[in-house]
Amino acid sequence: MVTMSQKEFQRVKVIENAAGGRLSVREASRLLQLSERQVQRLKGRYQPDSIGWVQHGNRGRSHALGGFRFPRSS
């Protein structure tokens with residue numbers, strides 16, 4: 001099961017409409033509050049049979065520093 005935030009769900013719906021020609025890139029960029037270039041990139045990643053394209057590539061990965069903590073100063 002894949003979970004999506006409300007923001008990701010909205011992104012899927014708007015990009016589906018833009019890819020289907022029901023919305024222009026300009027309208028989609030305004031609705032998503034993204035640049036037109038960013039909407040073009042999302043349209044390029046869009047896959048009608050999947051929603052994995054909308055999720056951030058780092059989702060589920062641990063932090064780069066792992067459990068690193070700065071030492072306390074006394």
Problem set entry | side chain to side chain contact (heavy atoms under 4.5 Å, CB included) involving Gln47 - partner list, sequence neighbours excluded | Asp49, Ser50, Trp53

For this session: Only pairs at least two apart or in different chains count here, so list each salt bridge (Lys or Arg N to Asp or Glu O under 4.0 Å) that has a residue in residues 11-25.
Result: Lys13-Glu16

Seminar exercise, completed: To the nearest 0.5 Å, atom CG of Leu32 lies from atom CD1 of Ile15 at 5.5 Å

Could you list the donor-acceptor pairs under 3.5 angstrom formed between side-chain atoms of residues 33-40 and any protein atom two or more places apart in sequence or on another chain?
unit_1, atom_1, unit_2, atom_2, d
Ser35, OG, Gln38, N, 3.1
Glu36, OE2, Arg26, NE, 3.2
Gln38, OE1, Arg41, NH1, 3.4

Problem set entry | Nearest-0.5 Å distance that lies between atom CG in Asn17 and atom OG in Ser24 | 11.0 Å

Problem set entry | Sequence neighbours excluded, every pair satisfying ring pair (Phe, Tyr, Trp, His ring centres under 6.0 Å) that has a member inside residues 11-45 | none

Exercise. Who passes side chain to side chain donor-acceptor pair (under 3.5 Å) against Gln10, sequence neighbours left out?
Worked result: none

For this session: Kindly state each residue pair satisfying ring pair (Phe, Tyr, Trp, His ring centres under 6.0 Å) with at least one member in residues 14-37, sequence neighbours excluded.
Result: none

Exercise. Are the side chains of Val14 and Leu42 in touch, meaning some heavy atoms are under 4.5 Å apart?
Worked result: no

